[in-house]
Amino acid sequence: MLQPKKTKYRKQFKGKIHGLAKGGFTLNFGSYGLKSVEPERVTARQIEAARRALTRHMKRSGQVWIRVYPDVPVSKKPLEVRMGSGKGTPEYWVVRIKPGRILFEVDGVSQQIAREALTLAAAKLPIKTRFIERIAG
């Protein structure tokens, strides 16, 4: 699973996800991609599950690029612990996705296979997404 080797700070604030993606909204590597339509936090586990569904459907032909990286730690306190005594320990990693952000890119397969594979991957994610393709020219 994806997670940073080291970070400057162990814990972070939740933060809000405002506005549209400032970068990562165009296809840079592949011919087909999966673009987010709504803001949400996506965990490292969800990214990995989507990647597995994608590569499995493509039968490991073609190439896949993951365009997002979970670098925000989410902390959680244990069950049945009283209020107070500080913030919990980091449990998992997430990436904040803004609308318009490209999540995955695919190349080296037909449009039909890419569409089916990216639809399967989208089912593993908690956000609405759209299939996009590079315009020839």
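By the rule that hydrophobic residues join a cluster once side-chain heavy atoms approach within less than 4.5 Å of another member, V74 and W93 end up as members of separate clusters. Placement of L34 and V109 within a single hydrophobic cluster is found when ILVMFWY residues are connected by side-chain heavy-atom separations under 4.5 Å, directly or transitively. Under the 4.5 Å side-chain contact rule for hydrophobic residues, I47 and F131 share a cluster. At a threshold of 4.5 Å between side-chain heavy atoms, the hydrophobic network of Ile, Leu, Val, Met, Phe, Trp and Tyr places W65 and L54 in two separate groups. Under the 4.5 Å side-chain heavy-atom criterion for grouping Ile, Leu, Val, Met, Phe, Trp and Tyr, I97 is connected to I66 within one hydrophobic cluster.
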* Test side chain to side chain contact (heavy atoms under 4.5 Å, CB included) applied to M1 and T43, step by step -> CA-CA 10 Å; M1 256 183 307; T43 68; over 6 Å; no

* Between M58 and I113, is a side chain to side chain contact (heavy atoms under 4.5 Å, CB included) present by the stated rule, with each step listed? -> CA-CA 7 Å; M58 288 167 48; I113 290 172; 4.2 Å; yes

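For the pair Y32 and R115, the minimum side-chain heavy-atom distance is 4.5 Å or more. Side-chain contact between V42 and V68: absent, with no pair of heavy atoms (C-beta onward) separated by less than 4.5 Å.
A donor-acceptor pair under 3.5 Å links the side-chain atoms of S36 to the main chain of R101, judged by distance alone. The backbone N or O of H18 sits less than 3.5 Å from a side-chain atom of K98, completing a donor-acceptor pair. A side-chain donor-acceptor contact under 3.5 Å links E105 to the backbone of F29. A distance-only check finds no donor-acceptor pair linking the side chain of K77 to the backbone of M83 [under 3.5 Å]. Judged by distance alone, with hydrogens and angles left aside, the side-chain atoms of Y92 form no donor-acceptor pair with the main-chain N or O of S75 at under 3.5 Å. At least one donor-acceptor pair closer than 3.5 Å links the side chain of R96 to the backbone N or O of K14. Judged by distance alone, with hydrogens and angles left aside, the side-chain atoms of K87 form a donor-acceptor pair with the main-chain N or O of Q12 at under 3.5 Å. With hydrogens and angles ignored, the 3.5 Å screen pairs a side-chain donor or acceptor of R134 with a backbone N or O of L27. In terms of modelled atom types and a separation under 3.5 Å, the side chain of T55 and the main chain of R60 share no donor-acceptor contact.
For G100 against A21, the heavy-atom pair with the smallest separation is C-CB, 4.1 Å. Across all non-hydrogen atoms, the minimal contact from P126 to E38 is O-OE2, 3.9 Å. Between L125 and Q46, the closest heavy-atom pair is CD2-O, 3.8 Å. Contact between Y69 and P4 at its shortest, heavy atoms only, is OH-N, 3.3 Å. Residues T89 and R10 share a closest heavy-atom pair of CG2-NH2, 4.2 Å.
Ionic pairing of R45 and E48 is not present here: no N-O contact between side-chain nitrogen and carboxylate oxygen is shorter than 4.0 angstrom.
Taking CD1 from I132 and CG from L118, the interatomic distance works out to 9.5 Å, rounded to the nearest 0.5 Å. Atom CD of Q63 sits about 10.5 Å away from atom OG of S31, to the nearest 0.5 Å.
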